[in-house]
Amino acid sequence: MKKKILITGGAGFLGSHLCERLLNEGNEVVCLDNYFTGQKQNISHLLSNPYFELIRHDVTTPFFIEVDEIYNLACPASPIHYQYNPIKTIKTSVMGAINMLGLAKRIKAKILQSSTSEVYGDPEVHPQVESYWGHVNPIGTRACYDEGKRCAETLFINYYKQNEVRIKIMRIFNTYGPRMHPNDGRVVSNFIVQALKSEDITIYGTGNQTRSFCYVSDLIDGMIKLMNTGDDFIGPINIGNPNEFTIMELAKKVIEITGSKSKISYNPLPSDDPTQRQPNITLAKEKLNWQPKINLEEGLINTIDYFKTVI
Ligand code: NAD
Ligand code: UDP
């Protein structure tokens with residue numbers, strides 16, 4: 001049955017893929033964005049679809065609409081962007097969650113929160129399981145994002161308990177793919193752009209810190225599967241690729257695939273940069289029958305092909 005679905009942050013990297021997928025599945029999609037880090041270009045190919053609607057709006061102010069489901073993705077995800085105006089980042093996560101949960105309550109919509117592996121901070125438990133409470137510096141440079149997202153989870157769980165709002169909390173681990181902004185500042189886009197321009201590959205710190213990179217199509221599969229679970233399953237649930245790589249390994253892979261002449265340069269490590277990150281996805285396998293299909297090599301090839309067209 002055709003559903004009417006609201007996607008906040010729909011013009012961003014993940015949001016644009018989600019809009020596209022849900023439209024392809026025969027739904028009506030309303031994309032809401034303030035274009036802070038998102039771009040019209042990401043969804044311009046969808047504008048001719050009569051079941052797609054684009055609205056400029058900031059989630060820190062209330063919004064009213066009748067929909068069946070809400071995916072709440074609005075929030076800058078890259079450290080350079082979320083640290084640009086930290087107070088605004090907190091407002092987006094917290095007031096955005098309050099406004100969207102209030103809407104979900106009023107119209108009885110199901111609502112999914114795009115939370116993050118950052119709720120685990122610089123984790124002392126490895127790989128990270130959903131039951132781990134995390135290790136976050138509340139006054140550090142990443143706190144505007146981490147604590148904002150943690151507070152949003154608290155809001156979600158309490159709207160569920162107090163008001164019976166149908167919620168889903170998804171903890172997303174590093175995701176990459178086509179439509180990342182070339183100036184996004186995240187490691188995969190930075191390295192690919194640098195390699196394609198034969199500029200130095202900027203490793204922050206030693207490059208021994210690790211991340212686990214999930215390709216965007218896998219992530220979107222997991223997100224939609226989570227939304228479609230029964231009302232008794234609310235998460236939080238990790239969605240990410242458990243294959244863990246050092247940042248140095250990533251740099252070498254990007255250089256190898258692009259055949260670039262770029263050299264590696266070492267830059268200072270940003271404060272509170274997590275040393276390791278890997279999702280435990282046992283719960284996703286069990287509850288969603290989900291696991292990633294695209295390995296890093298394949299995902300990087302697709303992403304590099306995309307960046308060749310935009311640089
Ligand atoms: P993105 O920056 O490309 O997309 C975020 C979108 O939200 C942008 O289109 C931006 O313009 C919009 N936005 C920001 N503030 C807004 C506001 N106040 N009102 C309305 N729109 C606003 O980032 P992304 O990678 O697509 O991330 C999407 C969501 O997934 C975010 O909530 C992010 O925290 C979460 N997430 C992403 C990753 C990842 O690796 N990509 C990892 C963990 C969590
Ligand atoms: N990083 C890097 N060079 C870059 C960008 C990022 O070495 O040009 C490192 C960064 O310090 C971190 C990792 O890559 O250790 C992932 O950074 P990103 O900003 O992509 O995401 P997050 O830290 O939020 O996982």
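Just so it is clear, the structure is predicted and the values come from calculations on it, not from any experiment. Atoms within each ligand, like the ligands themselves, are counted from 1 in listed order.
At a 4.0 Å cut-off, not a single heavy atom of Ser78 sits close enough to ligand 2 to count as contact.
Listed by atom number, the atoms of ligand 1 under 4.0 Å from Tyr35 heavy atoms are 11 (O). Short contacts between ligand 2 and Arg277, defined as distances under 4.0 Å to a heavy atom of the residue, involve ligand atoms 22 (P), 25 (O). Every atom of ligand 1 with a heavy atom of Ala74 under 4.0 Å away is listed here by number and element: 7 (O), 20 (C), 21 (N), 22 (C). Under a 4.0 Å criterion applied to the non-hydrogen atoms of Asn174, ligand 1 contributes the atoms 40 (O).
Remark: Thr275 OG1 to Asn208 CG distance equals 10.5 Å, nearest 0.5 Å. To the nearest 0.5 angstrom, Ile247 atom CD1 is 12.0 Å from Ile201 atom CD1. Of the inter-residue distances, the one linking Leu300 atom CG with Glu297 atom CD reads 7.5 Å to the nearest 0.5 angstrom.
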- Evaluate the side-chain hydrogen bond (donor to acceptor under 3.5 Å, both in side chains) criterion for residues Lys287 and Thr229: first the C-alpha distance (whole Å), next the side-chain angles of each, then the deciding distance (0.1 Å), finally the verdict. CA-CA 8 Å; Lys287 295 285 181 187; Thr229 51; over 6 Å; no
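By the criterion of a heavy-atom distance under 4.0 Å, both the backbone and the side chain of Val187 are placed next to ligand 2. Under 4.0 angstrom from ligand 2, the non-hydrogen atoms of Arg142 all belong to its side chain. With a 4.0 Å cut-off on non-hydrogen atoms, Asn267 does not touch ligand 2 at all. Both the backbone and the side chain of Arg186 come within 4.0 Å of ligand 2, counting heavy atoms alone.
The distance criterion of under 3.5 Å between nitrogen or oxygen atoms is met by Ser114 with respect to ligand 1. For ligand 2, none of its N or O atoms has an N or O atom of Gln194 under 3.5 Å away. Any N or O atom pair closer than 3.5 Å counts here, and Gln39 shares no such pair with ligand 1. Geometrically, ligand 1 and Thr60 share no nitrogen or oxygen pair separated by less than 3.5 Å. At a 3.5 angstrom cut-off on N or O pairs, Asn34 counts as close to ligand 1. Among the atoms of Thr37, some N or O lies under 3.5 angstrom from an N or O of ligand 1. Geometrically, ligand 1 and Ile172 share no nitrogen or oxygen pair separated by less than 3.5 Å. Residue Lys149 has at least one nitrogen or oxygen atom sitting less than 3.5 Å from a nitrogen or oxygen atom of ligand 1, judged on distance alone. Taking only nitrogen or oxygen atoms, main chain and side chain alike, Leu14 reaches within less than 3.5 Å of ligand 1. Considering backbone and side-chain N/O atoms, Gln209 comes within less than 3.5 Å of an N/O atom of ligand 2. An N or O contact shorter than 3.5 Å is missing between Ser115 and ligand 1 by distance.
Scanning Pro76, Gly38, Ala77 for the heavy atom closest to atom 24 (P) of ligand 1 points to Ala77. Taking each of Thr246, Val193, Ile247, Asp272 in turn, the one with a heavy atom nearest to atom 13 (C) of ligand 2 proves to be Ile247.
With hydrogens left out, the protein atom closest to atom 34 (O) of ligand 1 is Tyr145 OH, 2.6 Å, a heavy atom. Ranking protein heavy atoms by distance to atom 40 (O) of ligand 1, first place goes to Thr175 N, 2.8 Å.
Proximity of a side-chain donor or acceptor of Asn99 to a complementary backbone N or O of Val59 within less than 3.5 Å is detected. Within the 3.5 Å criterion, the main-chain N or O of Thr202 finds a donor-acceptor partner in the side chain of Gln194.
Using modelled atom types, one finds no donor on one side chain facing an acceptor on the other under 3.5 Å when comparing Asn34 with Arg56.
A heavy-atom distance below 4.5 Å is not found between the side chains of Phe13 and Asp184.
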